[in-house]
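These notes are about the structure you will find just below.
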Amino acid sequence: MAQSDTLTARLTELVRDRPAAAHDLVQAERYLRDWIGSLAAGGATPAGAILRDYARDRTDLEGRVFLAAALSHITESDDLHRGSITHPGCVVVPTALLLGRRNGADGRRILHAVLVGYEVMLRVGEALGPGHYEVFHNTATAGVFGSAAAAAHLLELDESGWISALGNAGTQAAGLWQFNQDATMSKHLHAGHAAQAGLRAALLAGHGFTGPAAILEGEKGFFRGFCPDPAPGRVLAPATNWKLAETSFKPYPSCRHTHPAIDAALEIRRRIRSPADAVERITSVRIWTYPAALRLTDNPAPSSSYAAKFSIQFCVATALVHGAPGLAAFEGNRLSDPRVRDVAVHSTVGVRQDLAATYPHRWGAALTVSTEAHPSLTAECNEPRGDPEAPLSSEDLDGKVVDLFAYASMGAARAEEALRASKNLPEGGPAFDLPWLDDPESLTGSA
């Protein structure tokens, strides 16, 4: 197969010289802004403290990109693309922002790199097939391609360089779901590795280091090794816009598979006249979802903060008892709240075929709640808050970032400073510093 006939070459041709309009850059800035909040909050967690200590002396570009990507994936508040089942922001944005800053790129060029990185990551992610997601974490495996593409754009690689960058990114792809069995910290490592490996592949390509042209479809390539049921046609499928615009924001810091059920629970809570009293009389909760959500989030009695974020029962119970969950809902006394625990352990989860049929293009859930006063309260959500069909406003997004900074004890003033700098990027503003990243010791505290 000639190099020009490979999927990688054709994907490169599709995105390498694609222009970005002003409104595309404005859209990309929203995802960069969202990422900043996730980065700040991640640094204030126990896992974040370990990563910061590890990275204390690793201040080179690759080390900083690894740290930024890993930190921003800790609190489960980063964005999510449904079709590819990936979190593109935590992988693509740190590569674009930190490499762009090092190379003196202005805000427009950085945001263009974000668009390019999302495009490649999401197209590869959509081609992986459902069998891949049962074992592999798509953010980790498709993510290397997104990071490499963002870097290749900023490095202005030629076509051959792009192909080598993507080829060597793909051969470094890794990330298994086994960590979810015991709620360990590997998921954060997945994001860090994907961003760093993709960046490294592009930097090496800039020096002439070659990579396999048919990394995706080759006999010993990515699809053959990792995907029992790939859909290679998705890599080049027509799209009406940059695929970044298909990506959802997360209003709640839990696995996105739990969000449709959370929204349905919040609707039921609003219909209960006195929620604080009525939840004491809940007699049963029935949750309907799709198979992937059942497989990943069916855990009625989570034993840790991280496990609670992957428990659809805990998330629904929290929403019914306390309302919309923030980061505090998964920590401290709230994690062991007996009212939440009682509702969660008496909740059942099952698959409904109509919800399964529309996944992954729509992520839906249905809920039936019975109380002594209300024998059957039902609600359904097929467009959870934050999806492109139910978008967060710019004000909502700003509020989310401010809340994440507050969680990190960094203060509203620092949040507002970061928000202003981010919003200046589409006008060509400079790639701003992230002092709490460059100096890991400053990640917590308001100074």
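Worth knowing before you read on, the calculation uses all heavy atoms, side chains too, and leaves out hydrogens, waters and symmetry mates. Quick caveat: nothing in here was measured; it's all calculated off a predicted structure.
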Does Arg108 use its side chain to pair, donor to acceptor, with the backbone of Glu427 at less than 3.5 Å?
-> yes
Taking the side chain from Asp387 and the backbone from Ala390, do they hold a donor-acceptor pair closer than 3.5 Å?
-> no
Criterion salt bridge (Lys or Arg N to Asp or Glu O under 4.0 Å) on Lys250 and Glu76, from CA distance to verdict = CA-CA 8 Å; Lys250 292 174 69 175; Glu76 289 296 323; 3.2 Å; yes
Yes or no on side-chain contact (heavy atoms from CB on, under 4.5 Å) for Glu156 and Arg109, after CA distance, side-chain angles and deciding distance?
-> CA-CA 11 Å; Glu156 300 183 349; Arg109 186 148 184 80; 3.1 Å; yes
Return yes if some donor-acceptor pair links the side-chain N/O of Thr247 with the main-chain N/O of Leu80 below 3.5 Å, else return no.
-> no
Arg16 vs Asp158, salt bridge (Lys or Arg N to Asp or Glu O under 4.0 Å): CA-CA, chis, key distance, verdict = CA-CA 9 Å; Arg16 179 169 169 257; Asp158 60 16; 6.0 Å; no
Flag for His73-His188: side-chain donor and acceptor within less than 3.5 Å = no
Does the ring centre of His259 sit less than 6.0 Å away from the ring centre of Tyr252?
-> yes
When you check the gap from the basic side-chain N to the acidic O, do Arg224 and Glu217 get nearer than 4.0 Å?
-> no
Taking only residues at least two apart or on different chains, which pairs with a member in residues 299-312 satisfy side-chain hydrogen bond (donor to acceptor under 3.5 Å, both in side chains)?
-> none
So, are Glu62 and Arg200 salt-bridged, with charged N and O less than 4.0 Å apart?
-> yes
Validate the cation-pi geometry between Arg30 and Trp35: distance from NZ or CZ to the six-membered ring centre under 6.0 Å, angle to the ring axis within 45°.
-> no
Side chains of Thr75 and Ser77: do they bring a donor and an acceptor to under 3.5 Å?
-> yes
Could you go through the side-chain contact (heavy atoms from CB on, under 4.5 Å) check for Ile74 and Leu51 one step at a time?
-> CA-CA 11 Å; Ile74 291 177; Leu51 287 164; 3.9 Å; yes
Assess whether atom CD of Glu13 is packed by more than 12 heavy atoms of other residues, nucleotides or ligands within 6.0 Å.
-> no
Atom CG in Asp79, atom CG in Leu244: separation rounded to 0.5 Å?
-> 8.0 Å
Does the ring center of His257 lie less than 6.0 Å from the ring center of Trp363?
-> yes
Can a donor-acceptor pair be found between the side chains of Gln353 and Tyr290 at a distance below 3.5 Å?
-> no
In Å, rounded to the nearest 0.5 Å, how long is the span from CD1 of Ile163 to CG of Asn168?
-> 12.0 Å
dist Thr6:OG1 -> Arg10:CZ (nearest 0.5 Å) comes out at 9.0 Å
Val65 and side-chain contact (heavy atoms from CB on, under 4.5 Å): which partner among Leu99, Thr95, Leu97?
-> Thr95
Do the charged groups of Lys243 and Glu126 touch, with an N to O distance under 4.0 Å?
-> yes
Can you tell me how far CG of Leu199 sits from CG of Leu98, rounded to the nearest 0.5 angstrom?
-> 9.0 Å
For residues Ala201 and Ala165, report the shortest heavy-atom separation together with the two atoms involved.
-> CB-O, 3.3 Å
Any side-chain heavy-atom pair of Ser254 and Phe310 under 4.5 Å = no
Within the side chain of Asp263, is there an N or O that forms a donor-acceptor pair under 3.5 Å with the backbone of Arg385?
-> yes
Nearest-0.5 Å distance that lies between atom OG1 in Thr45 and atom CD in Glu331 = 8.5 Å
Test applied, side-chain contact (heavy atoms from CB on, under 4.5 Å); reference residue, Thr289; option that passes from Val349, Leu367, Thr297 = Val349
Could you tell me how the ring of His153 sits relative to the ring of His112: parallel (under 30°), tilted (30 to 60°) or perpendicular (over 60°)?
-> tilted
So, are Arg362 and Glu389 salt-bridged, with charged N and O less than 4.0 Å apart?
-> no
Locate the shortest heavy-atom distance separating Pro388 from Arg82; write the atom from each residue and the value.
-> CD-NH2, 3.6 Å
Relative to the ring of Tyr133, is the ring of Trp177 parallel (under 30°), tilted (30 to 60°) or perpendicular (over 60°)?
-> perpendicular
From Trp162, Tyr118, Phe222, residue fulfilling ring pair (Phe, Tyr, Trp, His ring centres under 6.0 Å) relative to Phe145 = Phe222
Does the ring of Tyr54 carry Arg58 above it, NZ/CZ under 6.0 angstrom from centre and within 45° of its axis?
-> yes
Would you check if His137 and Thr86 make a side-chain contact, meaning some heavy-atom pair closer than 4.5 Å?
-> no
State whether the number of non-hydrogen atoms from other residues, nucleotides or ligands found under 6.0 Å of Asp60 atom CG is greater than 12.
-> yes
What is the distance from atom NE2 of His87 to atom SG of Cys255, rounded to the nearest 0.5 Å?
-> 6.5 Å
